[in-house]
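Step one of this worksheet: look at the structure below.
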Amino acid sequence: MNFKDEIEKIPVIKTISSIADEDKVDVYMVGGVVRDLILKRERNDLDFLVIGNSLEFAEKVAEKLGIQKVTKYKNFGTAHFKYDNYDIEFVGARKESYDRNSRKPIVENGTFEDDIRRRDFTINSMAISLNKNFFGELIDLFKGYQDLQNKIIKTPLDPFQTFDDDPLRIMRAFRFAAQLDYNVDESVMIAAKQMRERLRIVSQERITDEFMKILASPKPSIGLKLLYDSEVLEIVFPEIHNLAGVEQRQDYHHKDVFLHTLIVVDNISQATDNLWLRFAALVHDIAKPQTKKFIEGIGWTFHGHEELGARMMKNIFHRMKLPMHKLEYVEKLVRLHLRPIALAKEEVTDSAIRRLIVQAGDDLQDLITLCRADITSKNPQKVEKYLANYEAVMQKVLEVQEKDKLRAFQSPVKGDEIMKICNLKPSRKVGEIKKAIEEAILDGIIENNYEAALSYLMKIKDDLLKSDDSK
Ligand code: CTP
């Protein structure tokens with residue numbers, strides 16, 4: 001298979017190819033970039049495998065392209081620079097594990113095959129030759145192309161070996177499955193489950209990075225379910241793992257909170273790419289296991305789970321090394337996620353609505369998006385009813401906001417004039433009269449203009465002044 005036409009469109013390819021031939025080194029485009037090229041996914045990271053001195057090679061390419069700054073990691077044989085919008089990386093072939101984040105330097109340079117077989121998945125182990133004689137040829141030692149067609153995640157070597165080289169690959173397997181909507185080969189699942197404890201030696205940043213990529217994928221439940229089935233979730237996010245299971249007492253059973261959460265996360269992912277709103281959806285019921293209580297005659301209750309859930313966020317953010325500036329937003333959404341529905345059910349006062357507006361602030365729309373995603377009933381009539389409830393709440397919100405906007409307005413007849421007409425000194429009474437005019441406008445008794453306000457003042461002033469003692 002040849003990808004000459006496709007790769008020629010990439011700006012740096014011709015330069016790299018001609019230098020490779022001049023210097024007589026074999027150079028390949030390799031890994032995720034080849035996978036994405038076949039899948040026609042856009043990307044700006046370009047990785048090249050050099051069978052020779054990758055640092056020198058990168059320098060030459062950079063010089064030809066007029067680039068000054070090349071970042072080199074001698075120990076790992078990698079060099080990196082930016083060109084146009086592209087992140088370009090050159091790596092020397094290696095015999096050891098691929099893990100570029102490990103502190104362990106490469107012991108030995110390897111051949112093309114040595115390098116390819118130590119990569120994570122077959123779909124990431126393809127290369128495209130850039131040397132003239134084989135320009136554009138796909139080199140696919142581990143049937144990666146076939147696995148792309150079959151939509152399956154497999155490892156080039158025995159998965160125990162591949163995961164032993166870098167245990168983070170357990171998470172990467174699930175991340176690619178979620179991003180691409182692929183299956184994970186059974187052998188990979190078995191190894192993932194058995195080796196999951198090894199993830200404890202991997203840095204939290206790398207784990208969190210993969211976890212968030214799962215959450216950012218089109219249908220996060222694919223990855224979350226794989227994490228759960230392999231019991232990896234118990235290690236990387238135990239609170240979410242603990243949501244699973246159903247308890248039954250008498251005729252009452254509650255729904256499985258983990259399965260419910262998966263649907264909520266998928267629902268919200270159709271509505272938004274906002275990663276932190278998705279995260280809020282993932283954790284919105286996180287305190288249900290701790291607050292679960294069975295009450296005779298009523299059934300299962302989860303009183304206060306929204307407040308406790310919000311309070312759990314700080315620790316989780318710390319532990320998972322999540323950005324602390326997102327904490328308040330997530331806490332707020334978890335804390336308030338039941339509020340809109342409560343306001344839909346009752347005869348609510350303006351002040352209850354006003355409290356929601358103030359507490360949710362700029363995130364009110366996101367809160368409603370979360371609430372809508374939280375509807376997981378399979379009964380279409382119920383779904384319609386619940387959605388209508390949120391519409392009603394938002395309608396009330398708009399009404400109150402409109403009223404409050406009006407409240408900020410001033411009576412068209414100002415204080416000075418009221419004092420003159422009523423023969424008053426500056427006093428509380430002036431304010432009262434002004435307020436009465438404003439209320440009459442807000443209640444729709446008179447129109448919001450000067451004439452109407454003045455004639456209303458003339459009508460009410462005697463009554464209001466009767467009790468007056470401030471003259
Ligand atoms: N790789 C690997 N093991 C890892 C990380 C990376 O074998 N733990 C190899 C794979 O061949 C991978 C390539 O290095 O395709 C590039 O890694 P990376 O940029 O992390 O992943 P991509 O596959 O490019 O995918 P994405 O950009 O979506 O992360």
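Any value given below was found using the heavy atoms of this structure, including those in side chains, with hydrogens, waters and symmetry copies removed. Read the numbers this way: they start at 1 and go in the same order the structure lists the ligands and their atoms.
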Side-chain donor-acceptor pairs of residues 313-320 under 3.5 Å, sequence neighbours excluded:
{"residue": "Arg319", "atom": "NH1", "partner": "Glu239", "partner atom": "OE2", "Å": "2.8"}
{"residue": "Arg319", "atom": "NH2", "partner": "Glu239", "partner atom": "OE1", "Å": "2.9"}

Contact atoms of ligand 1, heavy-atom distance to Asp47 under 4.0 Å: 16 (C)

Option nearest atom 18 (P) of ligand 1 (shortest heavy-atom distance, choices Lys213, Gln179, Arg172, Glu210): Arg172

Would you please classify the geometry between the Phe302 ring and the His305 ring as parallel, tilted or perpendicular, with 30° and 60° separating the classes? perpendicular

Within 4.0 Å of some non-hydrogen atom of Phe176, the atoms of ligand 1 are 23 (O), 25 (O)

Closer than 4.0 angstrom, basic N to acidic O: yes or no for Lys95 and Asp115? no

When you look at Asp181 and Lys151, which way does the salt bridge (Lys or Arg N to Asp or Glu O under 4.0 Å) test go after all the steps? CA-CA 8 Å; Asp181 193 3; Lys151 297 174 175 272; over 6 Å; no

Output yes when the distance from some N or O of ligand 1 to some N or O of Asp45 is under 3.5 Å, and no in every other case. no

For Asp166, is the nearest heavy atom under 4.0 Å from an atom of ligand 1? yes

Which of the numbered atoms in ligand 1 are below 4.0 angstrom from a heavy atom of Gly31? 11 (O), 15 (O)

Which residues pass the side-chain hydrogen bond (donor to acceptor under 3.5 Å, both in side chains) test with Lys332, not counting sequence neighbours? Asp363

Quick note on ligand 1: atoms under 4.0 Å from a heavy atom of Arg169 include exactly 2 (C), 3 (N), 4 (C), 7 (O), 8 (N)

Gln401 side, atom CD; Ile357 side, atom CD1 - distance, nearest 0.5 Å: 4.5 Å

